[in-house]
Amino acid sequence: MELFQYVQKETILHKLNPMTKVIIMAVLTIMSLLTMDIIILVGILSVVVLMFIVSRLEKELSKQLVYLFFIGLSLLILTVISMGEGTVVFTLIPKSIPYVGGAIPITIEGVTFGSSLALRFSIMILSFQMLLLTTQPKDIVHIMIDKFKIPQDYALMFLIAIRFVPTVYMEAKKINEAQISRGYHPSGLLIGKIKSAYPIITPLVLNSLARAEILGMAIETKGYGSAKRTSIQNFKMGSKDILLSAIFIAVLPFYVALLLNLF
Amino acid sequence: MKAISIENLDYSYKNGFEALKKINLEIGSGEFVAIVGENGSGKTTLVKHFNGLLLPSNGKVSIFGEDTRKSTRTYLTSNVGLIFQNPDTMLFADTVEKEVLFGLRNIDIEETKNRVDKSLKSVGLDNYKEKFPRYLSRGERQRLAFACIIAMKPKIIILDEPTTGLDARESRKLLDIAEDLRSKGHTIIIVTHSMELVAEYSKRTIVMENGSIFYDGPTRDLLSRRDNKLIKKPAITELSHLYDGILRLDNFSVEDIASELASIYKTRGGI
Ligand SMILES: Nc1ncnc2c1ncn2[C@@H]1O[C@H](COP(=O)(O)OP(=O)(O)OP(=O)(O)O)[C@@H](O)[C@H]1O
Ligand SMILES: [Mg+2]
């Protein structure tokens with residue numbers, strides 16, 4: 001399960017200062033939030049995809065795209081169905097049917113709005129993924145504490161959460177196998193499914209709590225929180241970092257001007 | 001008919017790793033078989049094929065003549081019981097009794113009361129029915145996991161490293177229960193790293209190495225093979241080999257033997 005996990009590669013993006021990547025991510029996110037224009041959004045998405053290719057994470061990207069596609073599609077469908085105002089292309093229920101005919105109109109505005117939402121969503125998720133995939137979790141934590149002044153307890157929480165995604169996933173898989181070996185077969189409709197998740201969720205939560213307790217003790221025996229922390233590593237902005245950050249930050253005002261039709 | 005028969009089994013994980021290569025194997029009804037081998041040699045991957053948790057990439061696995069690819073889940077679960085190393089991956093109910101009931105309900109068994117009582121008695125937990133499973137000791141939890149499977153009366157029972165984390169007495173208890181089941185006609189397969197237990201309980205041993213079967217035959221023959229560095233022999237076998245080697249030296253004195261033994265003990269960390 002590679003979701004959220006750092007992938008070791010030797011590429012420019014991996015070597016960049018984490019701060020630079022945070023800046024790139026922030027700029028791309030702001031840019032996508034400022035516009036609804038599909039063409040521009042597609043352009044921004046291509047930049048993000050390009051970054052995945054530059055950092056040789058095509059495999060990880062293709063895995064993500066499957067999920068994003070489905071989430072995006074449901075976003076689109078929901079928006080299209082719920083937006084009745086605008087230029088009607090056709091109605092989902094044909095006009096010829098009495099009483100309900102003409103209900104659920106599909107509008108051009110609905111489709112464009114839904115597509116922009118889906119694109120924005122993909123841009124944000126992917127650029128955040130980009131940061132996580134190319135940066136070691138401990139470096140992200142460094143940035144959180146040193147640059148963003150996030151209290152170290154919260155930064156640690158974030159680090160542990162990310163670190164334990166695959167562990168919990170593996171555990172869930174083992175539990176599932178153990179229960180299947182006892183004939184466990186989740187069935188029924190939604191409610192039945194939720195109820196029958198009990199034999200999986202209970203051991204998962206209990207085992208995770210047990211693990212958390214051990215981890216807590218381990219952290220304390222190593223003196224966590226007993227003294228002021230000092231950094232071993234000091235992240236310097238290299239020339240590539242400065243250049244890239246500058247480019248992305250500089251692009252922003254032009255972008256805004258372009259959107260406002262100031263040219 | 002063989003309880004388990006495997007023809008040319010290959011298995012690769014999704015990431016392309018070939019975990020099993022050309023496995024051929026037959027296990028008869030009522031056998032007690034041990035599977036040993038280094039970490040990562042494919043033991044768990046192999047036993048997961050016995051109850052259909054994994055299906056072969058190539059080749060065929062049959063349980064009492066039925067191809068696992070074509071069998072139903074219920075058929076496999078009622079014929080093959082698999083108990084994993086860590087009992088905590090399966091314990092979820094609020095009482096020991098309900099824990100055992102879970103499996104029975106899953107395969108639609110009606111006469112539950114009798115089966116729950118019997119299986120708990122067979123693992124020595126008959127007084128624990130109302131206890132919360134998670135509060136039992138490690139050994140008791142492992143035996144409860146065993147009881148959950150026993151209650152379902154599978155003809156084949158597989159224990160994947162059941163004695164990890166258990167003391168010698170608990171380990172022996174567990175294997176005594178297994179041996180008792182074997183004497184009643186069940187087929188027992190145990191995956192373990194403990195050669196002492198293998199030597200004591202199983203007549204046949206399968207040694208896995210890098211996804212293949214390296215040895216399959218009588219446990220006695222395996223233990224008497226001197227060249228075999230894969231297997232940590234029970235201390236007594238090892239000692240007799242060492243002693244044998246020293247005695248065959250041309251000139252030796254009692255001091256020689258003593259110092260030889262002492263140095264061997266030091267390097268191997270004793271018995
Ligand atoms: N889900 C998986 N995906 C990819 N490779 C796996 C997976 N599970 C196991 N492997 C690999 O397959 C090989 C065999 O694993 P397996 O668990 O069968 O070994 P084992 O003999 O049971 O080892 P152990 O004594 O440590 O339990 C190992 O190299 C392991 O890394
Ligand atoms: Mg194993």
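Surrounding CD1 of A:Ile71 are more than 12 heavy atoms belonging to other residues, nucleotides or ligands, all under 6.0 Å away. Other residues, nucleotides and ligands place more than 12 heavy atoms under 6.0 Å from the OH atom of B:Tyr13. For A:Gln152, the CD atom sits in a packed shell: over 12 heavy atoms of surrounding residues, nucleotides or ligands are nearer than 6.0 Å. Counting non-hydrogen atoms of neighbouring residues, nucleotides and ligands closer than 6.0 angstrom, the CD atom of B:Glu111 exceeds 12 such neighbours. The environment of CD in A:Gln8 is crowded: more than 12 heavy-atom neighbours from other residues, nucleotides or ligands sit within 6.0 Å. Applying the 6.0 Å contact sphere to NZ of B:Lys118 captures no more than 12 heavy atoms from other residues, nucleotides or ligands. Counting non-hydrogen atoms of neighbouring residues, nucleotides and ligands closer than 6.0 angstrom, the CZ atom of B:Phe132 exceeds 12 such neighbours. Surrounding NZ of A:Lys9 are more than 12 heavy atoms belonging to other residues, nucleotides or ligands, all under 6.0 Å away.
With values rounded to the nearest 0.5 angstrom, B:Phe84 atom CZ is found 9.5 Å from A:Lys174 atom NZ. Taking CD1 of A:Ile180 as the reference point, atom NZ of B:Lys48 lies at 10.5 Å (rounded to 0.5 Å). Atom CZ of residue B:Phe92 and atom CD of residue A:Gln179 lie 6.0 Å apart, to the nearest 0.5 angstrom.
Neither the backbone nor the side chain of B:Arg105 comes within contact range of chain A; no heavy atoms are under 4.5 Å apart. Contacts between B:Asp88 and chain A at a heavy-atom distance below 4.5 Å involve backbone atoms as well as side-chain atoms. When heavy atoms are compared at a cutoff of 4.5 Å, B:Met152 approaches chain A solely by way of its side chain, counted from C-beta outward. Only the side chain of B:Ile149 comes within contact range of chain A, judged by heavy atoms closer than 4.5 Å. Heavy-atom distances place no part of B:Asp160 under 4.5 Å from chain A, backbone and side chain included. Looking at B:Glu99, the atoms closer than 4.5 Å to chain A (heavy atoms on both sides) sit in the backbone and in the side chain alike.
Contact detail for B:Cys148 and A:Arg182: the closest heavy-atom pair is SG-NH2, 3.5 Å. The shortest non-hydrogen separation linking B:Asn106 to A:Tyr184 is ND2-N, 3.3 Å.
Annotation: maximal heavy-atom pairing with chain A below 4.5 Å, among B:Asn51, B:Thr77, B:Ile107, occurs at B:Thr77.
Contact check for A:Ile175 versus B:Met90: no side-chain heavy atoms found under the 4.5 Å cut-off.
Checking each of B:Leu53, B:Leu82, B:Thr89 against A:Glu177 for a side chain to side chain contact (heavy atoms under 4.5 Å, CB included) leaves exactly one that passes, namely B:Leu53.
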